Structure formats: structure tokens, C-alpha cells
Amino acid sequence: MTFVTRFAPSPTGYLHIGGARTAMFNWLFARHHGGRFRLRIEDTDRKRSTPEAIEAIIEGMRWLELDWDDEVVYQSNKSKRHAEIAHELLKRGAAYNCYATPEELEKMREEARAEGRHASYDGRWRDRNLAEAPPGISPAVRLKTPQEGETILNDLVQGEVRVANEELDDMVLLRSDGTPTYMLSVVVDDHDMEITHAIRGDDHLTNAVRQAQIYQALDWKLPEFAHIPLIHGPDGAKLSKRHGALGIGAYREMGYLPEAMRNYLLRLGWSHGDDEIISTQQAIEWFGLETVGKSPARFDFQKLENLNGIYIREADDHRLVDMVTAGLINATGRELNQIHLDRLKLAMPGLKERAKTIPELVENARFCVETRPLDLDTKAQKLIDDEARIRLALLRSCLDTIDDWIESTLDETLRAFAASEGIKLGKIAQPLRAALTGRTVSPGIFDVLLVLGREESLARISDIGSTL
RNA sequence: GUCCCCUUCGUCUAGUGGUCUAGGACAUCGCCCUCUCACGGCGAAAACAGGGGUUCGAGUCCCCUAGGGGAUGCCA
């Protein structure tokens with residue numbers, strides 16, 4: 001039997017971080033078992049569902065490289081089928097028409113709360129004769145749920161969950177306008193799509209119990225359920241916009257790599273011993289629901305950033321150059337020429353060691369595309385005092401004599417120069433760095449010299465001297 | 001209110017009755033490496049929510065309390 005999982009977001013907003021993790025766990029589970037992973041858009045709430053949200057979700061999934069199988073299912077297209085099922089239940093006497101008004105319902109809720117009861121609807125139309133139906137009111141259809149005993153669920157993550165049936169009132173299957181409710185739609189769709197494993201957020205755990213009652217009424221086989229803990233904000237409360245409830249697209253814009261994001265999300269609630277850096281390939285091999293934790297995890301930007309740094313270091317230079325190029329054009333408003341691109345390519349190995357995000361990488365790469373004369377930042381300016389200027393002028397003539405502009409020669413020259421001046425290498429390397437990059441922080445100084453090339457390097461040094 | 005779920009360093013977690021003087025990772029703080037910043041290396045500090053049981057023995061099993069979260073819709 002092949003396993004089929006699904007990710008079933010409602011398109012009322014962007015794909016948030018919790019949804020992304022849910023999607024990934026479903027994806028990982030399916031890929032691990034050689035099964036299928038499906039995508040279903042739960043757009044039955046036409047008022048709140050938007051095409052933009054659908055687009056954002058699909059974009060987010062693509063960015064995270066979570067590919068789904070088969071065509072996307074739109075739940076709104078299935079409402080006829082859902083209604084049919086409800087009517088079948090009605091015919092079999094497993095469901096009934098309910099004519100209670102919103103006011104009545106509200107009153108029942110208040111009373112239930114006041115009396116400390118969990119279930120609110122009192123089942124007043126459960127056994128009433130249809131002849132008593134008030135005219136002119138179209139009824140909702142409710143499921144006749146068992147009133148005694150308990151409903152038991154064996155959740156793959158949460159274990160056994162049992163709820164007394166008297167705690168559960170008769171849920172609405174079809175609204176009075178004839179449209180199906182979420183509770184019904186999910187059950188029918190999961191059944192029709194032959195979902196074997198429903199992996200979703202913990203907030204659905206109580207729903208699962210109710211859905212189990214629908215399955216029972218229909219005499220359908222239940223899928224396996226796995227309710228994974230929610231992701232909380234740094235303060236332990238529900239993820240809000242202030243924290244990380246940003247759309248996945250926001251993380252992309254903040255300069256995080258999809259593979260870093262996946263690794264981070266994976267370790268939030270799932271573990272494989274002490275392993276931290278886990279490739280997607282490895283994750284597919286290792287993933288299982290047994291090792292999913294039961295408690296909610298807090299979102300931690302620092303760890304994400306650390307992981308991102310690791311993945312940037314591992315990333316292919318060409319890919320990074322492309323990303324940085326785009327960022328640089330954006331930041332400077334100028335197109336880059338071939339010389340710039342060559343420099344970026346040459347600088348990338350040194351650059352990527354020093355960045356945790358793409359914007360940081362872009363910032364550090366600026367010296368490659370800066371036009372002369374450079375604007376030195378405040379710290380860099382401080383390094384250029386009169387003594388430094390004199391030394392730079394001297395150094396320039398030394399460098400000028402170099403025939404082969406390669407690292408070993410540059411290294412020798414610079415060290416020899418420092419020795420002849422009776423100073424440490426750092427004493428000359430820092431002003432030189434300021435002259436070449438306009439900053440006090442950069443890749444190794446020989447790297448910079450190499451990246452910029454002889455001509456540009458000498459010119460930038462001269463620029464500093466000429467400001468004497 | 002009621003129902004359900006959860007609870008190991010600040011954070012993510014390992015841990016499935018003895019190997020736990022509780023391990024790893026991020027963050028923090030030292031030191032080393034060093035041309036700056038990173039990387040890397042070494043080291044420090046840092047946790048079993050509390051209380052009862054069960055057991056020769058409990059972070060691991062049971063109960064209670066507290067705290068947190070979720071649900072309680074003709075939303076999904």
C-alpha cells in the first residue's frame with residue numbers, strides 16, 4: 001500500500017512558517033515511503049479566500065522545493081460531492097435537519113458555558129418530527145453523533161486521545177444555505193483523495209475527534225492522524241506578525257536559503273539523535289513520525305541565521321554570484337559590467353565565509369563594484385592618518401614593482417614591507433584594507449588585492465594618497 | 001468556564017528504569033588561531049516545573065498541583 005499525504009492550507013493569507021513545516025513533514029513522510037504528496041487548497045470560505053493567497057502558498061512551496069504529486073485539488077470544486085454525502089447521511093437517518101436560529105444557538109452557548117459544559121448545542125431538532133419545521137426557514141444539516149461512550153483516536157504523534165461523546169454536540173455538516181462545512185469537506189476530500197496519513201497542526205487535534213465521528217457515520221476507514229505541535233513565537237505565545245508569522249516569502253527576502261529554512265524547520269519538533277546539519281536527502285532517508293516531539297517549539301532567528309551561514313558557505317559560487325548581482329543592482333541602482341562580475345566570482349569564496357544572509361553578502365561584496373574614488377566609512381577614515389598615508393604611498397611603489405600579481409608574491413611583498421618599516425603586518429594591512437574597500441572589515445587582504453587586480457588596487461591606493 | 005494536549009540548559013533538542021556526576025547544537029562568556037571580520041579549535045556557565053507515589057533504583061512509569069498551548073463557530 002502506498003502512503004498518500006497532503007498539505008491542505010486555506011488560502012486566507014500567505015504560507016506561514018507553521019504551514020511550511022506542516023507541508024514539509026507531509027512531503028518528507030511521503031518521499032521517505034515512496035508515496036505521494038498532494039496539495040489541496042481549502043477555499044470553501046469564499047469570502048476570505050483570495051487568488052493572491054493561493055499564489056503565495058504555491059510560490060512558497062516552490063521556493064522551498066516541496067514538489068507535490070498530481071494536480072492541485074480545490075475544495076470549492078467539490079462542494080456538490082460534499083453535499084451529496086450529507087444528503088445520503090440524512091437519508092440514512094444518521095443526520096438531521098436543524099432549524100435552530102442563530103439567536104437560539106447563541107443562547108445555548110451562553111448557558112453551556114455558565115453551567116460549565118463543553119458541548120453547547122442541545123440537540124433540540126435531533127428527534128423532532130419534520131412536520132414541526134418552521135416555515136420559511138431553511139435548515140442546517142447536523143450529524144447525529146453518539147451520545148454515550150467515547151471517541152478514541154490513536155494519533156501517531158500525540159498517542160491515544162479519548163473524548164467522552166457527551167462532550168461533543170451534533171456538528172453542522174451542511175449550512176442552511178446548503179454549503180458544506182469544513183468538518184465535512186475535509187473528511188470527504190481526504191477519503192476521495194485516498195489520503196492515508198493526515199499530518200497537520202496540533203490545533204486540529206480536537207477536530208480530528210469530531211471528524212472520526214463522521215468517518216464512523218459513513219463507515220469509512222479513518223486515515224492515520226499525526227498532529228504536530230505548533231510553532232510559537234520567542235515569548236512562547238502564539239506566533240504573531242511581530243515574531244515570525246511572516247509569510248515564507250518574507251524569509252526569502254530576508255536572505256535565507258531554502259535549504260537552510262528546510263533544515264531549520266526540520267529540527268523544530270523533529271530530531272535524529274544529535275544531528276543538526278541534515279541535508280534534504282538525508283532527511284528523506286531518516287524522516288519518521290516516531291521522533292516528532294510532542295511539545296510546541298519556539299521560533300529562534302539566531303539558530304536559523306546560524307544554519308543559513310552554514311548553507312551559504314556550502315552553496316555554489318555561481319548561484320551566490322547571481323543572487324548577489326541582483327542584490328547589488330538593486331542596492332546601487334547601477335548595472336554591473338563584466339569586470340564587476342569577474343570580481344564577484346573571484347571574491348565569492350572569501351565573501352561567503354563571512355555572511356549569514358544574502359543581504360549581508362551583498363553588503364560585503366560592494367567593494368567589488370564600487371566606483372573610484374571610494375567613500376570610506378567612518379571607521380575606515382580613522383585608519384587613514386598621516387602616518388598611514390605615507391606608508392600607503394611607500395607601499396604603492398613597492399606593489400608597483402610586482403610583475404606577477406599572485407597571492408604568494410603579494411604576501412611576500414607585504415610582509416617584507418612591514419618588516420622594513422618595523423611594524424606588524426596588521427599595521428599596514430588595515431589602512432590598505434580601508435583604501436581598497438572603504439571598510440575595516442573585508443575578506444583577507446591578499447584576496448582583496450587579487451580580486452581588484454593590479455590596476456584597480458594601485459589606483460585605489462593612489463586615491464587615498466592624493467587626498468593628502 | 002469546560003474539554004483536549006504539552007512541560008529536560010535562555011532557545012532547539014538527545015534521553016524509551018540502572019551506562020545521567022543528564023549529552024549535542026544555537027546564543028552568551030573566556031582563551032587560541034589571525035592582516036580585519038568571519039570560520040575553525042579549546043574551555044566555561046547553563047536544565048530534568050513542583051509535590052506525592054510505584055520500584056532495590058525514576059529525567060524516564062502513575063497521580064495531583066502549577067504553568068503554557070489548543071479547542072469550544074451554520075471559520076478553515
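Computed over heavy atoms, backbone and side chain alike; hydrogens, waters and symmetry mates excluded. Because the structure is a prediction, the values reported are computed rather than measured. Labels below follow one simple rule: chain letters A, B, ... track the order of the sequence lines, proteins then strands, and each chain is numbered from 1.
Dashed line: the shortest gap from a side-chain N or O of A:Asn306 to OP1 or OP2 of B:rA27 is under 4.0 Å. Residue A:Arg109 places at least one side-chain N or O closer than 4.0 Å to OP1 or OP2 of B:rC74. Taking side-chain N and O atoms only, A:Arg439 has no distance below 4.0 Å to OP1 or OP2 of B:rC37. A sub-4.0 Å separation between OP1 or OP2 of B:rC37 and a side-chain N or O of A:Ser442 is absent. The shortest distance between the side-chain N/O atoms of A:Arg415 and the OP1/OP2 oxygens of B:rC35 is below 4.0 Å. Contact between the side-chain N/O atoms of A:Thr12 and the OP1/OP2 oxygens of B:rA76 is not found at any separation under 4.0 Å.
Of the C1' atoms belonging to B:rC9 and B:rC4, the separation is 29 Å, rounded to the nearest Å. Annotation: B:rG51 and B:rC32 have their C1' atoms spaced 48 Å apart (nearest Å). Comparing B:rC37 with B:rA45, their P atoms are spaced 27 Å from each other, to the whole Å. Separating the P atom of B:rU8 from that of B:rG59 is a span of 15 Å, rounded to the nearest Å. For the P atom pair drawn from B:rA22 and B:rC3, the interatomic distance equals 39 Å after rounding to whole Å. Rounded to the nearest Å, the gap between the P atom of B:rU60 and that of B:rG18 is 12 Å. Here the separation of B:rG50 from B:rG67, taken at their C1' atoms, is 10 Å to the nearest Å.
More than 12 heavy-atom neighbours from other residues, nucleotides or ligands sit within 6.0 angstrom of CG on A:Asp177.
Within 4.0 Å (heavy atoms only), A:Leu173 reaches no atom of the nucleic acid at all. Here A:Ser120 lies in heavy-atom contact (under 4.0 Å) with sugar-phosphate atoms only. Counting any heavy atom pair closer than 4.0 Å across all strands shown, A:Pro443 reaches a base atom. Nucleic acid contact for A:Thr440: base, since at least one base atom lies under 4.0 Å from a heavy atom of the residue. Backbone-only contact: A:Leu205 has heavy atoms under 4.0 Å from sugar-phosphate atoms and none from a base. Among the protein residues, A:Ala297 comes within range of the sugar-phosphate backbone only, with heavy atoms under 4.0 Å from sugar or phosphate atoms but none that close to a base. Within 4.0 Å of A:Gly116, counting heavy atoms only, lie sugar-phosphate atoms of the nucleic acid but no base atom. Within 4.0 Å of A:Gly269, counting heavy atoms only, lie sugar-phosphate atoms of the nucleic acid but no base atom. A:Ser176 comes within contact range of at least one nucleobase, with a heavy-atom separation under 4.0 Å. At the heavy-atom level, A:Lys356 lies under 4.0 Å from the strands shown only through sugar-phosphate atoms. In this structure, A:Ala119 reaches neither bases nor backbone, as no heavy-atom distance under 4.0 Å exists between it and the strands shown.
Among the nucleotides B:rC4, B:rG1, B:rA76, the one closest to any side-chain atom of A:Arg113 is B:rG1. Distance from the side chain of A:Lys303 is smallest for B:rA25 among the nucleotides B:rC6, B:rA25, B:rU36. Nearest to the side chain of A:Arg267, among B:rA76, B:rC12, B:rC5, sits B:rC12. Considering only side-chain atoms of A:Met183, the nucleotide from B:rC37, B:rC35, B:rA76 that sits closest is B:rA76. Side chain of A:His204, nearest nucleotide from B:rA76, B:rC35, B:rC5: B:rA76. When each of B:rU72, B:rC5, B:rC37 is scored by its nearest atom to the side-chain atoms of A:Arg354, the top-ranked nucleotide is B:rC37. Comparing B:rA14, B:rG70, B:rU36 by their closest approach to the side chain of A:Leu230 singles out B:rG70. Each of B:rC5, B:rA76, B:rG40 was ranked by its minimum atom distance to the side chain of A:Asp202; first place goes to B:rC5. Between B:rU13, B:rU36, B:rA27, one nucleotide has an atom nearer to the side chain of A:Ser271 than all others, and that is B:rU13. Each of B:rC39, B:rC35, B:rC74 was ranked by its minimum atom distance to the side chain of A:Arg142; first place goes to B:rC74.
Between A:Ser138 and A:Phe446, the residue anchored closer to the 5' end of RNA chain B is A:Phe446, taking for each the nucleotide with the nearest heavy atom. Nearest-nucleotide positions on RNA chain B place A:Trp270 closer to the 5' end than the other of A:Trp270 and A:Arg48.
The interatomic distance linking A:Asp203 (CG) with B:rC6 (P) rounds to 15 Å, in whole Å. In this entry the distance linking CG of A:Asn263 with C1' of B:rC12 reads 12 Å, nearest Å. When rounded to the nearest whole Å, the span between CG of A:Asp411 and C1' of B:rU34 equals 13 Å. Distance, A:Met171 CE to B:rG73 C1': 13 Å, rounded to whole Å. For the pair A:Glu407 CD and B:rC35 P, the interatomic distance rounds to 13 Å; values are reported in whole Å. With rounding to whole Å, A:His227 atom NE2 is found 15 Å from B:rG70 atom P. Rounded to an integer number of Å, the gap from CD of A:Glu276 to C1' of B:rA25 is 4 Å. The CD atom of A:Glu167 sits 15 Å away from the C1' atom of B:rC5 (whole-angstrom rounding).
Across all strands shown, B:rU72 is found opposite B:rG1 as a Watson-Crick or G-U wobble partner, with both distances under 3.5 Å. The partner of B:rU19 is absent, by the rule that a Watson-Crick or G-U pair needs both atom distances under 3.5 Å. Look at B:rA38: it lacks any Watson-Crick or wobble partner with both distances under 3.5 angstrom.
Side chain of A:Lys352 to backbone of A:Ala315: a donor-acceptor contact under 3.5 angstrom is found.
Using a 4.0 Å cutoff on non-hydrogen atoms, the parts of residues 206-218 of chain A near RNA chain B are A:Thr206, A:Asn207, ordered by number.
We find the NE2-CG distance between A:His197 and A:Leu289 to be 8.0 Å, quoted to the nearest 0.5 Å.
Looking at heavy atoms from C-beta onward, A:Arg113 lies out of side-chain contact with A:Arg109 at the 4.5 angstrom threshold.
Of the residues listed (A:Lys144, A:Arg126, A:Arg142), the one engaging A:Asp170 in a salt bridge (Lys or Arg N to Asp or Glu O under 4.0 Å) is A:Arg126, and it is the only one.
With A:Phe367 as the aromatic partner, A:Arg439 does not meet the cation-pi criteria of under 6.0 angstrom to the ring centre and within 45 degrees of the ring axis. Taking the ring axis of A:Phe25 as reference, the NZ or CZ atom of A:Arg21 stays within 45° of it and closer than 6.0 Å to the ring centre.
Aromatic rings of A:Phe287 and A:Trp270 (six-membered ring for Trp) have centroids within the 6.0 Å cut-off, being under it. Checked against the 6.0 Å centroid criterion, the rings of A:Tyr264 and A:Phe299 qualify as a close aromatic pair.
Partners of A:Asp275 under the salt bridge (Lys or Arg N to Asp or Glu O under 4.0 Å) rule, at least two apart in sequence or in another chain, do not exist in this structure. For A:His272, the ring-ring contact (aromatic ring centres under 6.0 Å, His included) criterion is met by A:Trp286, not counting sequence neighbours.
Salt-bridge check for A:Glu456 with A:Arg460: passed, with a basic side-chain N closer than 4.0 Å to an acidic carboxylate O.
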